[in-house]
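Residue numbers start from 1 in every chain, and the chains themselves are labelled A, B, ... in the order their sequence lines are given, proteins ahead of strands.
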Number of protein chains: 2
Amino acid sequence: MKKSLNRTSLDFPRPLVSVDVVIFTVLEDALKVLLTRRPENEEEPFPGLWCIPGGFVDVDRDDSLQDCAARKLQEKTGYAAPYLEQLASWGSASRDPRGWSTTHGYFALVPPPAAKTGDERAEWCDADAACKKRLAFDHREIVGTALERLRSKVEYTSLPAFLLNEPFTLPELQHVYEVVLARPLDKSAFRRRMLDADFLQEVGTVPGAFGRGAMGYKVRERERAAIFPRTFRAVE
Amino acid sequence: MKKSLNRTSLDFPRPLVSVDVVIFTVLEDALKVLLTRRPENEEEPFPGLWCIPGGFVDVDRDDSLQDCAARKLQEKTGYAAPYLEQLASWGSASRDPRGWSTTHGYFALVPPPAAKTGDERAEWCDADAACKKRLAFDHREIVGTALERLRSKVEYTSLPAFLLNEPFTLPELQHVYEVVLARPLDKSAFRRRMLDADFLQEVGTVPGAFGRGAMGYKVRERERAAIFPRTFRAVE
DNA sequence: TAAATAGTGTCTTTCAGACAATATCTC
DNA sequence: GAGATATTGTCTGAAAGACACTATTTA
């Protein structure tokens, strides 16, 4: 009988299992992803190369994949509960030189960090640039998929609200949409859309540096994003 | 130093890794999913219970997760290249009594099989019923997620075309949409939408059993689904 | 010709885009 | 008040829903 059919005993080789997180923020009017460096140790694969935060699932420490992703996010950014969504998984014999391996990709949206990352081995990299960079493993593909998914969902959801500190104003929110989508949006249509979607809560006027102050908002339910009835600019 | 930080050696426990496939078809005017039975062997978890097709990744046989899913689909249905899409992954300490385990869920769309499945241990089950049944592992949740994803995508993509044998007619296609969405659609709007999306190729008239014959179609590109500019019924 | 099914035309509704007009704030 | 920014109003256009109408086939 073939080995693969007789697996009651569980004594067959298992793939490596890791979790990787693509962490997005908007900084200096640009969409950024957090990159870290692989250890310099020559026994490690891709020593010194840029990669996204992640690592092997720790069977003793992590109760679930989501926990593991949240832990890695917390370790790298300090954020406990921003937006964290499963992206996809990758697994093959060739993606890791150490053997058959799988990774569960997540993507996270966090508000702009107060300072540059204190960590020498971490850097906020322009998102589009990261997709062209040489990264460890198949991380370029993972970042590409995350960016594609983010841009696609931004067309019809309130996801960018998770990229801002609260309270934020509608012009600020519009600006984040424009940065992520890399195109200008109409002010009037934008406001109608956000307010009609009923996911924002007024939280008092915020004075502006110049000109008229704006209404401050926070999201009503921090757990899920709102879904709009249509995408932006359905037509070319 | 903590064990979890010293992993250059790779000698730490690894989770079990499996792939499970939710296979959909439309049969007898209902959306169905393929269920199989767990082995009766009492040493196996959930003996004799219904589950979806799947199993451990075979490191020696499968080059990638996608290959593994395609293999399982082929084994169960005989189909080589229908629509197969990654759904999500699940992984935790508790989902399998044998230990920390992960699964990569896929969902497949196949045309209606000619006959009842020949396999005694497999059955096409009504999709909504399957979501309420007791299934092995967390398979009920996986089926639920697949069903939700399918219904959601059917609102704005041409996915149901993969549930039909070619050539099919527009009334047949509309019927499949209606079965999946469980609500009637307007004929005129439906036709406009399908033809405007430009993913169908005329392939000659198909005579009907009664009444006027209809134009037969096949999908232009069997690889990807078309995406419509809006969802059906944007408004309640 | 009647019944059944396929396919078309047209009016209404919804909501995004364009863009002008108005409101409110700081200096 | 001037300049800057926020907010609103109105017109237009694209595509979906509703539904009546026409076309083609078989019995």
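Proximity of a side-chain donor or acceptor of A:Arg38 to a complementary backbone N or O of A:Trp50 within less than 3.5 Å is not detected. A donor-acceptor pair under 3.5 Å is formed between the side chain of A:Glu172 and the backbone N or O of A:Thr169.
Summarising the geometry, the separation between CZ on B:Phe210 and C1' on C:dG7 is reported as 20 Å, rounded to the nearest angstrom. When the P atom of D:dA18 is taken as reference, atom CZ of B:Arg183 falls 10 Å away, rounded to whole Å. Rounded to whole Å, atom C1' of C:dA16 lies 15 Å from atom CG of A:Leu181. Put simply, CG on A:Asp198 is 14 Å from P on C:dC15, counting in whole angstrom units. Atom pair B:Leu185:CG and D:dA16:C1' shows a separation of 11 Å (rounding to whole Å applied). Computed from coordinates, the B:Phe190 CZ to D:dG17 P distance equals 11 Å when rounded to whole Å. Here the P atom of nucleotide D:dA15 and the CZ atom of B:Phe228 are 13 Å apart, to the nearest Å. Rounded to an integer number of Å, the gap from B:Tyr156 OH to D:dA16 P is 15 Å.
Smallest separation of non-hydrogen atoms from A:Leu135 and A:Cys51: CD2-N, 4.4 Å.
Comment: B:Arg183 engages B:Glu155 in a salt bridge, judged by a side-chain N to carboxylate O separation of less than 4.0 angstrom.
Side-chain N/O atoms of A:His104 and B:Ser89 include a donor and acceptor closer than 3.5 Å. Checking A:Ser101 against A:Arg95 by side-chain atom types alone, a donor-acceptor pair falls below 3.5 Å.
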Protein-nucleic acid N or O pairs under 3.5 Å, nucleotides 6-10 of chain D:
{"from": "D:dA6", "atom 1": "N3", "to": "A:Arg212", "atom 2": "NH1", "distance (Å)": "3.2"}
{"from": "D:dT7", "atom 1": "OP1", "to": "A:Met215", "atom 2": "N", "distance (Å)": "3.0"}
{"from": "D:dT7", "atom 1": "OP2", "to": "A:Arg191", "atom 2": "NH1", "distance (Å)": "2.7"}
{"from": "D:dT7", "atom 1": "OP2", "to": "A:Arg191", "atom 2": "NH2", "distance (Å)": "3.2"}
{"from": "D:dT7", "atom 1": "O5'", "to": "A:Arg191", "atom 2": "NH2", "distance (Å)": "3.0"}
{"from": "D:dT7", "atom 1": "O4", "to": "A:Lys187", "atom 2": "NZ", "distance (Å)": "2.5"}
{"from": "D:dG9", "atom 1": "O6", "to": "A:Ser188", "atom 2": "OG", "distance (Å)": "2.3"}

